[in-house]
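Right, one structure below, let's go through it.
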Amino acid sequence: MSQDSQFHLNAFLMGVGHHEAAWRHPRTEAHRVLDVAHFQELGRIAERGKLDSVFFADGLAVGPRIKHNTQAIFEPVTLLSAIAVATEHVGLIATASTSYSDPYTLARKFTSLDHISSGRAGWNIVTSAGADEAANFGVDGIPAHSGRYERAEEFVDVTLALWDSWEDGAVVLDPETGVFADPGKVHTIDHDGPRFRIKGPLNSPRSAQGRPLLVQAGSSESGKEFAARYAEAVFTAQRTLEQGQEFYRDLKARVVKHGRNAGDLKVLPGIVPFIADTEEEAKALEQSFTDLISPEYSLRQLSTMLGVDLTKHSLDAPLPPLPPLDEIQGNKSRYQLVKDLAADGSLTVRQLIGLLGGGRGHRTFAGTPEQVADELQTWFEQGAADGFNIMPPYLPGGLDDFVDRVVPILQQRGLFRTEYTATTLRGHYGLADVDNRFAGAVDEASA
């Protein structure tokens, strides 16, 4: 079975579950959001299922309503370093922002994770669109959408150069001659751009997979262009097969326009699966989570998504008029998704927050293991996905159910691997090794 006939699976992990009420549900233990052993267990469950990777999002502020929930406790690279020593194969992807970091620190941090994990690191590139995040870094208001992506492009270019600053084989470690590294294979990058001026080289050697996998999650016009230029995997929120197919076609065409092969980028739509023995039981399980949603939390979260204060708006009325897309400086793709959901005015705000509670706009699906497998197969075979971003609504049970009940069906159908065949994250995703831009050059300045 060729790799092209099989898809990729990433487990997007968040606290004790993706559903915003997961921590209140009897299927979870809320205190485990602070327990590193919980997250190490999740890594081992994902590895038991032969999943390509696990992924942690991140935010740089407390969140919309700390009274009722918070989405991120641990800095994800630190957390993934702990998971790395508890696992052997599964890839480890962390979010890091280009808006409130610097390329040298970020490049070193991810290279360190790549060495700790023997080549299993990935970077989810975000530009940070929250006003609360901006306020934590001395910025008044949200930086303009276009400016965030301009900074991100230069940031990534510099980071890639830093990762290339050590060639393969630069570390010699010859005790007889006393040579630690070959200075001819360690290079300055001498970057002098509009936002960054960095000499280099990085003070960490090249890792087992050359450099971390590059992931991106924005679906705005700027986000899609950015992904087409840089990304090797894209996490996206598409709620219908037709929307998924259109996004897939559009993004793959952009990749080709940037001189890359369409297969160089893997598209992984998100899905929040509620799994039970019968469809009725699965729907009842989903409803039991919806019933625990805190409207105060959800309204603030929805307000942030839409750029409109809904905290005093009636839960049983439709959304008020929304601003046009070009006035939104936050997450444009998520804004458009929510606006489209409510476009015909048939949904009340209460119904809307119920739909969004499982995955903040990602598709939720309640069914039997066979129905979940059927849904994934349909999207894959009908040109809407190269794989899937699995977002368990509660943890660890939701991930256990997917790994133990859905993955075996996918394996029986020849859609997913039965064993790991690669040792690096790039290998799991079927991506070739990356060339080093400095290979063969001589740079005595770094001696």
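Quick caveat: nothing in here was measured; it's all calculated off a predicted structure.
- The backbone N or O of Gly15 sits less than 3.5 Å from a side-chain atom of His38, completing a donor-acceptor pair.
- Gln243 places a side-chain N or O within donor-acceptor distance of the main-chain N or O of Thr240, the cut-off being under 3.5 Å.
- Glu176 meets the salt bridge (charged side-chain N to carboxylate O under 4.0 Å, His left out) test with no other residue; sequence neighbours excluded.
- The closest side-chain heavy-atom distance from Glu167 to His187 is below 4.5 Å.
- Side chain of Tyr104 to main chain of Pro201: a donor-acceptor pair is present (N/O by atom type, distance under 3.5 Å, no hydrogens or angles).
- Side-chain contact of Asp52 with Asn10: a donor-acceptor pair under 3.5 Å is absent, judged by distance alone.
- Residues satisfying the side-chain contact (heavy atoms from CB on, under 4.5 Å) criterion with Arg48, sequence neighbours excluded, are Ile45, Asp400, Val403, Asp404.
- The shortest distance between side-chain heavy atoms of Leu265 and Leu251 falls below 4.5 Å.
- Judged by distance alone, with hydrogens and angles left aside, the side-chain atoms of Arg363 form no donor-acceptor pair with the main-chain N or O of Val272 at under 3.5 Å.
- Judged as a ring pair (Phe, Tyr, Trp, His ring centres under 6.0 Å), the pairs with a partner in residues 219-252 (not counting sequence neighbours) are, in order, Phe55-Phe235, Tyr149-Phe226, Phe226-Tyr230.
- At least one cation-pi condition fails for Arg108 and Trp163: the charged atom is not both under 6.0 angstrom from the six-membered ring centre and inside a 45 degree cone around its axis.
- Sorted by first and then second residue, the pairs that involve residues 205-214 and meet salt bridge (Lys or Arg N to Asp or Glu O under 4.0 Å), not counting sequence neighbours, are Asp164-Arg206, Asp168-Arg206, Arg211-Glu232.
- The ring pair (Phe, Tyr, Trp, His ring centres under 6.0 Å) pairs that include a residue from residues 188-219 are Phe155-Phe196, where partners are two or more places apart or lie in different chains.
- By the side chain to side chain donor-acceptor pair (under 3.5 Å) test, Gln209 is found to be paired with Asp114, residues two or more places apart in sequence or in another chain being considered.
- A salt bridge (Lys or Arg N to Asp or Glu O under 4.0 Å) check over residues 32-47, counting only residues at least two apart or in different chains, returns the pairs Arg32-Asp35, Arg32-Glu41.
- Annotation: side chain to side chain donor-acceptor pair (under 3.5 Å) contacts of Ser97 (sequence neighbours excluded): Ser128.
- Between the Arg239 side chain and the His362 main chain, a donor and an acceptor come within less than 3.5 Å of each other.
- Here Asp174 contributes atom CG and Asp182 contributes atom CG; the two are 11.5 Å apart, rounded to the nearest 0.5 Å.
- For residues 251-265, the set of pairs meeting the side chain to side chain donor-acceptor pair (under 3.5 Å) definition, not counting sequence neighbours, comprises Glu221-Arg254, Glu225-Arg254, Glu225-His258, Asp250-Arg254, Lys252-Asp386.
- Aromatic ring pairs are classed by plane angle as parallel below 30°, tilted from 30° to 60° and perpendicular above 60°; the pair Tyr100 and Phe137 is parallel.
- A salt bridge links Asp157 with Arg229: at least one charged nitrogen is closer than 4.0 Å to a carboxylate oxygen.
- Distance alone, capped at 3.5 Å, is enough to place a donor-acceptor pair between the Asn436 side chain and the Trp166 backbone.
- Without hydrogens or angle criteria, Arg120 side chain to Thr87 main chain gives a donor-acceptor distance under 3.5 Å.
- Interatomic distance, Ile189 CD1 to Leu160 CG, rounded to the nearest 0.5 Å: 10.0 Å.
- By the side chain to side chain donor-acceptor pair (under 3.5 Å) test, Ser117 pairs with no residue at all, sequence neighbours left out.
- Arg195 places no side-chain N or O within donor-acceptor distance of the main-chain N or O of Glu154, the cut-off being under 3.5 Å.
- Using a 4.5 Å heavy-atom threshold, the side chains of Phe402 and Pro392 count as separate.
- Tyr420 meets the ring pair (Phe, Tyr, Trp, His ring centres under 6.0 Å) test with His89, His428; sequence neighbours excluded.
- Counting only residues at least two apart or on different chains, the salt bridge (Lys or Arg N to Asp or Glu O under 4.0 Å) pairs with a member in residues 74-101 are Glu75-Lys109.
- Considering all non-hydrogen atoms of both residues, Gln411 and Gly49 come closest at NE2-O, 4.5 Å.
- Judged purely by atom type and a 3.5 angstrom limit, Asn136 uses its side chain to pair as donor or acceptor with the backbone of Leu60.
- Residues Leu410 and Leu9 have side chains in contact (heavy-atom distance under 4.5 Å, counting atoms from C-beta outward).
- Ring centroid separation for the pair Phe289 and Tyr394 comes in under the 6.0 Å cut-off.
- In this structure, the ring of Phe74 has its center no less than 6.0 angstrom from the ring center of Phe56.
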